[in-house]
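To keep things clear, I will list the structure first and then write my remarks on it.
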Amino acid sequence: MNVDGQKYRTIWLAEDGWAVEIIDQTRFPHSFETTRLENLQDAAHAIRSMQVRGAPLIGATAAYGICLALRADASDVSLMEACSTLLETRPTAVNLRWALDLMRKALLPLHPEERAAAAYTLANQICDEDIATNMAIGLHGAEIIANIARTKKAGERVNILTHCNAGWLATVDMGTATAPIYMSHDGGVPLHVWVDETRPRNQGAFLTAWELGKHGVPHTVIVDNAGGHLMQQGEVDLVIVGTDRTTATGDVCNKIGTYLKALAAKDCGVPFYVALPSPTIDFTLSDGLQQIPIEERSGDEVRAMTGRTAAGSVETIEIVASGSDVANPAFDVTPARLITGLITERGVLEANGKAIATAFPDRISA
Ligand SMILES: CSC[C@H]1O[C@H](OP(=O)(O)O)[C@H](O)[C@@H]1O
């Protein structure tokens with residue numbers, strides 16, 4: 001994506017051809033900083049600390065983490081230990097397991113001396129395919145936006161609500177939920193995005209608002225609890241969100257608060273779409289509520305907030321009464337019955353097992 005005239009992916013090979021560089025997303029929105037990953041532990045820390053986050057980007061980072069591990073030690077033990085180290089970093093986004101399974105299945109049969117080079121080729125391929133997938137999602141989603149735009153009066157904009165960040169910062173580039181937005185905006189469709197701030201890590205306020213602003217997409221940051229009211233007032237034409245893990249039957253696990261938006265959308269008759277790259281489908285699951293592991297993150301993320309003071313320094317402050325307990329589930333599950341459609345790289349699907357199986361027969365047999 002273009003950042004002040006310079007093209008960026010969220011993750012790329014350093015000039016030395018072996019280290020990996022990332023945009024450190026914990027520094028947003030007050031500074032844009034990149035950092036260098038040189039070993040397996042650097043990659044695991046980047047995922048665990050959310051320097052990189054978003055299901056597709058977590059998968060891509062894990063793939064490069066395998067490269068860095070094999071560069072140091074290409075033995076079977078090293079490969080297996082690297083996979084388990086990376087798998088333990090975050091439990092919910094299935095792209096992590098998907099990428100590690102893909103790397104392990106491709107690399108274990110090779111002679112150790114061949115593994116590092118093959119790993120880098122595969123990791124680069126995962127990144128390139130992520131972008132191609134997101135472009136396809138963008139095209140299919142842009143048709144939905146165009147159909148709504150045709151119902152608008154002259155001068156009116158299509159109003160889209162999104163939750164968290166399923167933007168280019170959550171992927172290698174383009175984003176999933178944002179791909180239709182960027183393509184429609186670039187194609188001249190008048191649109192505006194309501195950006196849920198997305199407590200407690202504020203991916204909406206810190207990341208989505210930043211990237212939409214850099215691309216010139218009109219947007220308004222709102223508190224998480226405002227979306228239902230805006231839908232009741234007719235201010236939302238559709239909702240597009242991302243996903244971290246979707247079951248074979250169309251149940252969607254996404255950032256905490258997504259389920260509440262889906263309930264409000266259903267009650268208000270607002271179309272609710274999920275941008276779904278196929279590596280995020282977990283074909284082994286049929287019941288999201290019962291089977292998808294929900295990450296419980298540190299309560300410190302709820303207790304404290306980091307921001308920039310009037311003097312310009314970035315500081316962390318306590319915002320919860322001392323002594324109070326806090327809970328911090330990071331995701332929730334939206335049942336398929338609340339979802340209007342799944343925007344995949346192979347088209348827009350109904351949120352059900354038959355539609356998913358018909359669109360991805362090759363993935364089920366894999
Ligand atoms: C395109 S996946 C984006 C997905 O990941 C986010 O979670 P996190 O920021 O904790 O990695 C959020 O659920 C987004 O919808």
Side-chain angles (χ1 to χ4, degrees), residues 1 10-11 22-26 28 46-62 89-96 98-99 126-127 130-131 133-138 141 161-182 193 195-211 224 239-246 252-262 272-282 288 292-298 301-302 328-334 339 342-345:
M1 197 57 103
T10 50
I11 188 168
I22 59 170
I23 298 171
D24 180 350
Q25 300 190 30
T26 62
F28 281 99
I47 298 169
R48 198 179 301 115
S49 67
M50 295 176 69
Q51 285 178 307
V52 294
R53 27 66 51 201
L57 179 54
I58 287 170
T61 306
T89 53
R90 292 189 74 188
T92 302
V94 72
N95 303 58
L96 179 55
W98 168 82
I126 285 172
C127 291
D130 179 61
I131 294 172
T133 295
N134 298 340
M135 299 283 282
I137 288 172
L161 185 144
T162 194
H163 188 70
C164 198
N165 174 256
W168 75 270
L169 290 170
T171 67
V172 176
D173 201 348
M174 279 303 284
T176 57
T178 57
I181 293 169
Y182 288 130
V193 183
V195 177
D196 278 357
E197 65 175 344
T198 316
R199 288 275 297 139
R201 290 294 297 248
N202 308 301
Q203 289 93 327
F206 289 8
L207 304 177
T208 303
W210 181 89
E211 63 170 85
D224 292 324
V239 177
I240 308 181
V241 298
T243 174
D244 293 82
R245 189 184 303 224
T246 294
V252 165
C253 183
N254 196 50
K255 184 53 53 192
I256 193 78
T258 302
Y259 170 54
L260 295 177
K261 290 298 161 349
F272 185 93
Y273 285 93
V274 177
L276 170 63
S278 62
T280 311
I281 302 172
D282 186 339
I292 297 177
I294 300 297
E295 180 182 15
E296 184 76 29
R297 291 189 64 88
S298 164
E301 295 181 351
V302 179
N328 187 15
F331 298 95
D332 59 25
V333 174
T334 299
I339 296 166
L342 302 168
I343 309 172
T344 77
E345 66 270 29

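Every heavy atom of this structure was used, including side-chain atoms; hydrogens, water molecules and symmetry mates were not. We count ligands from 1, going down the list as the structure has it; atoms in each ligand are counted the same way.
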Quiz item: Given the rule in the side-chain contact (heavy atoms from CB on, under 4.5 Å) test, do Asp244 and Glu295 qualify, once you have shown the distances and angles that lead to the verdict?
Solution: CA-CA 11 Å; Asp244 293 82; Glu295 180 182 15; over 6 Å; no
Quiz item: Under a heavy-atom criterion of less than 4.0 Å, does Ala330 contact ligand 1?
Solution: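 Ala330: no contact with ligand 1 (<4.0 Å).
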Quiz item: Does at least one non-hydrogen atom of Arg90 fall below 4.0 angstrom from an atom of ligand 1?
Solution: yes
Over all atoms of both residues, closest heavy-atom pair of [X] and [Y]:
X      : Y      : result
Ile126 : Ala99  : CD1-CB, 4.5 Å
Arg201 : Ser49  : NH2-O, 3.6 Å
Gly242 : Thr176 : CA-OG1, 4.2 Å
Asp130 : Pro56  : OD1-CB, 3.3 Å
Trp168 : Met174 : CB-N, 3.2 Å

Which is closest to [atom] by heavy-atom distance: [options]?
atom                    : options                : result
atom 10 (O) of ligand 1 : Arg297, Lys255, Arg53  : Lys255
atom 15 (O) of ligand 1 : Asn254, Val252, Asp130 : Asn254
atom 3 (C) of ligand 1  : Asn165, Asp244, Thr92  : Asn165

Quiz item: Are Ile58 and Arg90 side-chain neighbours, meaning at least one heavy-atom pair lies under 4.5 Å?
Solution: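 With C-beta onward as the side chain, the pair touches.
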Self-check item: side-chain contact (heavy atoms from CB on, under 4.5 Å) evaluation trace for Phe331 with Arg245
Solution: CA-CA 10 Å; Phe331 298 95; Arg245 189 184 303 224; over 6 Å; no
Quiz item: Nearest protein heavy atom to atom 12 (C) of ligand 1, by residue and atom, and its distance?
Solution: Cys164 SG, 3.3 Å
Quiz item: In the protein, what heavy atom is nearest to atom 1 (C) of ligand 1, and what distance, to one decimal place, separates them?
Solution: Thr176 OG1, 3.4 Å
Between [X] and ligand 1, which part of the residue brings a heavy atom under 4.0 Å of the ligand: side chain, backbone, both or neither?
X      : answer
Thr280 : neither
Met50  : side chain
Glu295 : neither

In ligand 1, which numbered atoms sit nearer than 4.0 Å to a non-hydrogen atom of [X]?
X      : value
Pro56  : 1 (C), 2 (S)
Thr243 : 2 (S)
Gln203 : 8 (P), 9 (O), 10 (O)
Ala55  : 2 (S), 5 (O)

Self-check item: SB check Asp224 Arg199 (cutoff 4.0 Å)
Solution: no
Self-check item: ring pair (Phe, Tyr, Trp, His ring centres under 6.0 Å) partners of Trp210, counting only residues at least two apart
Solution: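 Counting only residues at least two positions away or on another chain, Trp210 forms a ring pair (Phe, Tyr, Trp, His ring centres under 6.0 Å) with Phe28, Phe32.
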Exercise. Could you say whether the N/O atoms of Gly54 and ligand 1 ever approach to under 3.5 Å?
Key: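 Yes, at least one N or O pair falls under 3.5 Å.
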